[in-house]
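Note on naming: letters A, B, ... go to the chains in the order of the sequence lines (proteins, then strands), and numbering restarts at 1 for each one. The structure displayed is predicted, hence computed values, not measured ones.
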Amino acid sequence: MEHIITPKVEYVKLLNKYAEKKSALGTLYLTATHLIYVEQTNNARTETWVLHHHIVSVEKLPLTASGCPLLIRCKTFQLLHLLFQRERDCQDVYQSLLRLSQPVKEEELYAFLYNPHQNEEDRRQGWEFISVANDFSRMGLSNDYWEISHLNKNYEICSTYPSILGLPKNASVAVVTGSAKFRSRGRLPVLSYYHKDTKAAICRCSQPLSGLTSRCVEDEQMLQAISQANPNCPFIYVVDTRPKLNAMANRAAGKGYENEDNYSNIRFQFQGIENIHVMRNSLQKLLEVCSMKSSMSDYLTGLENSGWLRHIKSVMDAGMFLAKAVCEERASVLVHCSDGWDRTAQVCSLACILLDPYYRTIKGLMVLIEKEWISFGHKFSHRCGHLDTDPKEVSPVFTQFLECVWQLSEQFPCVFEFNEHYLIEIHNQVYACQYGNFIGNCQKERLDMRLHEKTFSLWPHLLKNQHLYRNPLYRRSLESTVLRPSTLPLHFKFWCGMYNHYDRGMHPKQSVLDQLLSLTQKQEEGERTMTELQRQLAVADGVLPDPSGPINTPTEQDSPSEKTPTAPFVQSNGSCLPLVNGDAEEAGPGAEKCIDKEGAEPGATEHDLTSSEDKPVSVETEHSKEEVQESS
Amino acid sequence: MEFAELIKTPRVDGVVLHRPFMPTVEGTLCLTGHHLILSSRQDNTEELWLLHANIDSIEKRFVGSLGTIIVKCKDLRVIQLDIPGMEECLNIASSIEALSTLDSVSLMYPFFYRPLFEVIEDGWQLFVPEEAFKDLESMVLFYPWNETTLFGLPKEDEEDNIALWSAESAFTVDEAVMMRAAQPLTGTNGRRCKEDEKLINATLCAGKRGYIIDTRTIAVAQQAKTRGGGFEQEANYPQWRRIHKAIERSNVLQDSLIKLVEACNDQSHSMDRWLSKLEASNWQSKVKEILTTACLAAQCIDREGASVLVHGTEGTDSTLQVTSLAQIILDPACRTIRGFEVLIEREWLQAGHPFQQRCAQSAYSNGKPRSEAPVFLLFLDCVWQILRQFPCSFQFNENLLIMFFEHAYASQFGTFLGNCVAERVKLQLSQKTVSLWSWVNRPQELERFLNPLYEPNNLVIWPSVAPQSLLLWEGVFLRWNRSTKCLDEACQEMVHIIEYNKELQNKVNSLRRQLAQLETEDSPLQTP
C-alpha cells in the first residue's frame with residue numbers, strides 16, 4: 001500500500017479510441033492489487049478492473065487542452081487511455097502505477113496475497129490435481145523401453161529439469177550424466193512424449209556443446225539408446241528448431257548442433273524458428289498494427305511486416321514435422337533449440353496436441369502445460385516479466401503456443417473440448433500471478449520459494465469454471481485421429497479474439513459460441529425438467545409410489561423406485577452423461593453433481609418403466625443411439 | 001447454328017479427371033451443346049456435369065500423346081482432364097473453347113433447359129415491380145406527390161434510373177427515404193433541370209435534410225462534367241448535402257479479382273508473399289470501402305432521419321452495392337430468404353445491373369476485360385461479412401450467397417441473363433426460360449440455405465468495418481483449396497444441437513400437457 005500516493009481520483013476520462021464522443025467520465029481507484037475505473041452513468045455502473053501485474057507500461061503523453069493523458073498498456077493487450085483534469089493527479093497515478101506494476105521481489109506478487117477461501121487440504125489437493133507422473137503412466141511408462149528415473153531428484157544433474165525424468169531403459173547412469181555434461185545447462189535428452197501405437201518417442205534437450213570439433217561418447221550413446229528404444233525405426237530425427245545460421249553462430253561459442261558423422265543413424269534437420277528477441281519485436285510490431293485505426297492496406301502490410309504469422313507458421317510447421325515423423329514414419333525425434341526451454345517447449349507441446357487427443361481436452365491441456373512448460377523449465381518469470389528484471393528476457397513464446405492451438409481449433413472446430421475463452425483465460429492467468437503455477441523459472445526455483453505452501457494452484461479454479469470453457473461442438477468420436485492441419489499461409493488467420501480482445505466493437509456482435517453454450521445449458525435444464533416430469537407422470541399414473549408417502553414401501557416396489565424413468569438421454573456433445581439418479585427427489589436442480597461424474601455408464605439409464613404402454617415418446621437422436629451402443 | 005458443328009469429338013474414353021481433395025475418376029468424357037460430362041459409368045461415383053458457360057478459360061499441355069486440359073471455371077474451381085490421344089485432346093479443347101464463348105444469348109443453356117422438377121411457384125411472377133414497390137405505393141399516398149410525378153417525370157439523367165425505398169414499412173412522420181439515380185447531366189456549363197430539382201427537393205418535407213452520397217471522389221465527379229455528367233450543385237438542391245465517398249469503379253475490380261484468386265491458388269508461397277499478394281489484390285480494401293459507404297447511407301437514415309440519394313456515374317454498379325447493403329443493415333426483412341430475393345430482384349435486376357456484361361468472364365479470363373467486373377460478387381462478399389458478424393440475424397446461410405455467385409456467372413436459369421429489364425423482356429425470358437426463384441424457393445432446396453441459428457430481430461445491425469473484422473471469404477475464395485470435412489462436421493453438429501434442443505422442448509411441453517391432463521382426470525376420483 002505504501003506505493004499508492006493517491007488512492008482515488010475523480011473526473012477521469014476513459015477515452016474511446018474509436019468514438020471520441022463515447023468516452024466515459026468516472027472515478028479511478030488504486031488498490032494494492034488492482035486499478036479500478038468506475039463509470040457511473042444514470043443508473044448503470046460499469047467497472048473496469050486491471051490487475052497491476054497485467055500492466056506492461058505506463059506512459060505520460062504530452063498535455064492537451066482537455067487534460068493530462070496517461071496511456072496504460074497491458075500484457076493482456078488491453079489499452080487504457082485515461083485523461084486527468086489535474087497534472088498532479090496524473091503524475092501521482094503514473095508514479096504509483098510504475099511501482100505497482102513492476103514488483104521487485106517475488107513476495108510482492110499477487111499470488112502470495114491471494115486466498116480463494118480454501119483450507120490447507122484443498123490447497124494440497126489443488127496442487128496434486130495435475131501430475132506429470134500420472135501422464136507418464138497414461139502413456140504407458142514404465143515399459144520395456146522407457147522408465148521413470150529419479151536420478152534428478154535433487155536437481156543435481158540438471159537444475160532446470162523436473163525431478164522425475166523419462167529415460168531409455170538401456171541408458172546407464174554414466175551415459176546420462178555424461179550426456180548432461182555435454183549439453184547446455186545440463187539439459188540432457190529426456191522423454192517428452194511416448195506414442196504407444198508406434199513406440200516412437202519425442203525427446204527434448206538443449207544444444208550440444210560441440211563447438212567446431214568436440215564430441216562426447218556418452219552423448220552419442222545417449223542418442224543411440226533413444227534410437228534403440230524404438231524397435232520400429234532404425235534411425236531417429238534430430239530436430240534443431242533454430243535457423244541454421246543461428247545454430248552455426250553458436251558453434252563458435254562452443255555450442256552448436258550434432259554432427260551427423262559422429263552419431264550413428266541420426267537424421268539431422270533444421271526448422272528455422274526465430275529466437276525470443278525476434279519474437280518479442282514481432283509482437284511489438286503486431287500490436288502497433290492492431291492498435292492503430294488503419295486502412296485495409298496498411299493493416300495487411302503491417303501484418304506482413306510484423307512477421308507474426310510467419311513465426312506462428314514456423315512453429316506449426318515444426319510441430320507438424322514431429323507429428324508426421326512419429327505417426328507416419330514411426331520414427332523417434334529428439335528436439336532442441338539453444339537451451340531447450342522456449343522453441344523446444346512450443347514444438348514438443350504442439351506435436352503432443354497433434355498426436356494425442358487427450359491433450360485436446362480441458363484437463364489434458366493443463367497436463368500438457370504442466371509437463372512441457374512448467375516442469376521442463378520454461379522461464380515463465382523471465383519470459384512474462386513478472387518482476388522488474390531484464391526486459392530482453394521477455395518474449396511471447398507461450399502466447400505463440402496458445403495461438404497455434406487456436407489456429408488448429410479454427411481448422412478443426414470439433415476436436416477440442418475447450419473453446420477460445422479457455423486459451424485466453426490461461427493467457428491472462430499466466431501474466432496475472434494470482435495463482436502460483438507460473439511463478440518462477442523452473443521446478444527447483446518453485447520448490448525453493450515454497451509456492452505449494454504459500455500460493456494456490458490455478459487448475460482447480462479453471463476446472464470449477466469449465467462450463468465457460470467448453471466447446472459445444474466437441475465430438476469425442478473424432479478424438480482418436482491425428483490432426484493434419486494445413487500449414488499453407490492462407491490458412492493462418494489473425495487472432496482478433498486475443499490481440500484485439502478488448503476492442504469489443506471489432507468482434508462479431510452475435511457469438512455462435514455463446515449461443516451454443518447457452519443452448520447446451522438450456523439442454524441440461526430441459527433434460528432435468530423432463531426427468532422430473534416423467535417421474536411426476538409415473539407417480540400420477542400410480543406406477544411410482546408418491547414420494548410424500550411412507551418410505552418403507554414393500555420390497556416388490558423397491559426396484560422400480562430405484563430407477564428413475566429416464567429416456568436414454570445423452571448430451572449431444574457427448575461430454576455429459578444422462579442424469580442417472582437413484583433418488584428421484586434429487587432430480588431437481590441439485591442434480592448437477594451427476595453431470596461431471598466420470599466413467600458412469602450411459603447404459604445405466606436402461607429404463608424399465610418407460611417400456612409400458614403409455615410411455616412418453618422418447619426423443620432418441622442418432623447420437624444418443626450411438627452413445628448407448630458404444631457403452632454397451 | 002447447330003451445336004454439332006462445334007463439337008468435333010463428342011466422346012472420348014479413358015479420360016482421367018483430377019480435382020483437388022477428391023479422388024481421381026477415370027471414365028468417358030462427353031460433350032453436349034451445353035455440358036461437359038465425365039462419367040465413370042459406375043453407380044457409386046459421382047459424375048461431373050459442367051456447364052460450358054461456367055468455363056472461364058482452358059489450358060492445354062502435352063506429354064507424348066497424353067494431353068492434359070486444365071479447365072478453369074467461373075466459380076473459381078480448377079479441374080484437370082487427362083485425355084489420351086493428341087487429336088482427341090485438341091478437338092475437345094477447341095470444342096470447349098467454342099462452346100464456352102458463344103456470343104448469342106439465345107443459344108445459352110437457359111433457353112434449352114427443361115426443369116426436372118415441377119414448377120409450383122413461377123419465379124417470373126414472383127417479383128413484379130408493382131409487388132416489389134408495394135411499400136412505395138403506400139408512401140406515395142403519404143408524400144406530397146403522386147405516382148404520376150414519380151414515374152412520369154423523367155429525371156435528366158443518363159438513364160431513367162430512379163427507385164425509392166423506405167426505411168421502415170410502417171410509416172411515421174420521421175420517415176426517411178433512400179433513393180438511387182445516375183449522375184445528373186450538368187456538364188461543364190452547369191446545366192440545370194427544373195424537373196430534376198423539383199423531384200429531388202420534393203422528397204423532403206420542409207425543414208428536413210437529405211444527403212446525396214456520390215460514390216466517386218470529387219475529382220472524378222468534376223472530370224465527369226467534361227463528358228456531360230456531373231453532380232448536383234448545392235445551391236439548386238438547398239436541403240441536400242453532398243458527400244463524396246469513393247468506391248472503386250467497376251473497371252479496376254476485375255483486375256482485383258484476378259489478383260486475389262491468383263494469390264489464393266498459389267500454394268507455393270511463403271507467409272510474407274501471401275500477405276503481400278492479398279494486400280496487393282486490393283480486394284479486402286474494396287470490401288471495406290463499400291461497407292463503409294453503405295454504413296454511412298444507413299446512418300443518415302437511421303441516426304439522423306435524413307433521406308439519402310445515392311449515385312455514381314450510371315447508377316448501376318457501386319450505387320447498387322451501397323443501397324442494397326444499407327437495406328440489409330437497416331431492414332430485417334432483407335435478412336430473410338424471401339426478402340433477400342426481393343432485394344436482388346429490385347436493387348439489382350430491376351435496377352439494371354448489367355449482369356451479362358459484368359459476369360461474362362471471371363477470375364481466369366485471359367483476354368482484355370471489356371465490361372466484366374465482379375460488382376455483384378463484391379456485394380455478396382459484403383453480405384457475408386455482415387452475416388459473419390451477425391450470425392443469428394439472417395435466415396439464410398453462406399450457401400445461399402455462394403449459390404447466387406454461381407448462378408450469376410453460369411446458370412440453367414434465365415434470371416441473370418440480359419443487362420436490364422428491357423433486354424429481358426425482349427429476350428422473352430419469362431416465357432422461354434425457367435426462373436432461378438422457381439427452383440430456389442422449393443422447400444427441398446431451401447433447406448440447404450437455412451441458417452439454424454436464425455432468430456428474427458428488428459434491430460439495425462451495424463457491422464464493424466475495422467480491417468481486423470473483415471476476413472477473406474474462404475467459402476468462395478478458398479472453396480476449392482481446402483478440405484471442408486471438418487467444417488461440415490461442425491455445421492452438422494451445430495444443427496444437431498439446435499434440433500435436439502427443439503425436440504427436447506417439445507417433449508417437455510408434451511409431458512407437461514400429459515401431466516396436466518392426468519391431474520384433471522384424476523381430480524374427480526379423488527373428491528368423492
Show the nearest heavy-atom pair for residues [X] and [Y], with the distance to one decimal.
| X | Y | result |
| --- | --- | --- |
| B:Arg512 | A:Leu533 | CG-CD1, 3.7 Å |
| B:Ala490 | A:Cys414 | CA-SG, 3.4 Å |
| A:Lys509 | B:Trp462 | NZ-O, 3.8 Å |
| A:His491 | B:Asn481 | CE1-O, 3.8 Å |

Region of [X] that comes under 4.5 Å of a non-hydrogen atom in chain B:
| X | value |
| --- | --- |
| A:Gln536 | both |
| A:Ser294 | both |
| A:Leu488 | side chain |

(message) Evaluate A:Leu537 against B:Gln514 for side chain to side chain contact (heavy atoms under 4.5 Å, CB included), listing each step before the verdict.
(response) CA-CA 8 Å; A:Leu537 211 60; B:Gln514 252 182 300; 3.9 Å; yes

Side chains of [X] and [Y] in contact at under 4.5 Å (non-hydrogen atoms):
| X | Y | answer |
| --- | --- | --- |
| A:Gln523 | B:Ile497 | yes |
| B:Lys277 | A:Glu304 | no |
| B:Leu275 | A:Pro489 | no |
| A:Pro508 | B:Arg388 | yes |

Select, from [options], the one with the greatest count of heavy-atom pairs under 4.5 Å involving chain A.
| options | value |
| --- | --- |
| B:Glu279, B:Arg273, B:His269 | B:Glu279 |
| B:Asn501, B:Val465, B:Val508, B:Leu278 | B:Asn501 |
| B:Cys264, B:Ser276, B:Cys392 | B:Cys392 |
| B:Pro463, B:Ser510, B:Ser469, B:Pro391 | B:Pro391 |

How long is the straight-line distance from [atom2] of [Y] back to [atom1] of [X], given to the nearest 0.5 Å?
| X | Y | atom1 | atom2 | result |
| --- | --- | --- | --- | --- |
| B:Glu474 | A:Leu490 | CD | CG | 8.0 Å |
| A:Arg484 | B:Ser483 | CZ | OG | 12.5 Å |
| A:Cys290 | B:Gln468 | SG | CD | 6.0 Å |
| A:Leu473 | B:Gln492 | CG | CD | 11.5 Å |
| B:Lys288 | A:Met296 | NZ | CE | 6.5 Å |
| A:Leu300 | B:Trp274 | CG | CH2 | 9.5 Å |

Atom group of [X] that falls short of 4.5 Å from chain A, counting heavy atoms:
| X | result |
| --- | --- |
| B:Gln284 | both |
| B:Leu471 | neither |
| B:Glu289 | neither |
| B:Glu499 | neither |
| B:Asn457 | side chain |

Which one, [options], leads in non-hydrogen pairs under 4.5 Å with chain B?
| options | answer |
| --- | --- |
| A:Thr301, A:Leu519, A:Val512 | A:Leu519 |
| A:Glu410, A:Lys313, A:Lys522 | A:Lys522 |
| A:Ser295, A:Ser297, A:Gly526, A:Pro413 | A:Ser297 |

(message) Between B:Gln389 and A:Gln510 (side chain of the first, backbone of the second, donor and acceptor by atom type, cut-off under 3.5 Å), is there such a pair?
(response)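 Not at all, since once roles are kept as given, no pair shorter than 3.5 Å links the two residues.
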
(message) Can you confirm whether A:Gln521 is buried at CD, in the sense that more than 12 heavy atoms of other residues, nucleotides or ligands lie under 6.0 Å from that atom?
(response)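 Open: at most 12 neighbouring heavy atoms sit under 6.0 Å from CD of A:Gln521.
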
(request) Report, as yes or no, whether the 6.0 Å neighbourhood of atom CG on B:Asn458 holds more than 12 heavy atoms from other residues, nucleotides or ligands. (result)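 No, CG of B:Asn458 has 12 or fewer neighbouring heavy atoms, counting only those of other groups under 6.0 Å.
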
(message) Using a strict threshold of under 4.0 Å (side-chain N to carboxylate O), is an ion pair present between A:Arg475 and B:Glu489?
(response)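 Salt bridge absent between B:Glu489 and A:Arg475.
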
(request) In sequence, state the C-alpha distance, the side-chain angles, and the governing distance for A:Gln534 and B:Lys507, and then conclude on side chain to side chain contact (heavy atoms under 4.5 Å, CB included). (result) CA-CA 10 Å; A:Gln534 283 174 332; B:Lys507 181 82 176 70; 3.9 Å; yes

(message) If you apply the rule side chain to side chain contact (heavy atoms under 4.5 Å, CB included), what do you find for B:Ser270 with A:Arg310, and how did you get there?
(response) CA-CA 8 Å; B:Ser270 68; A:Arg310 185 180 69 221; over 6 Å; no

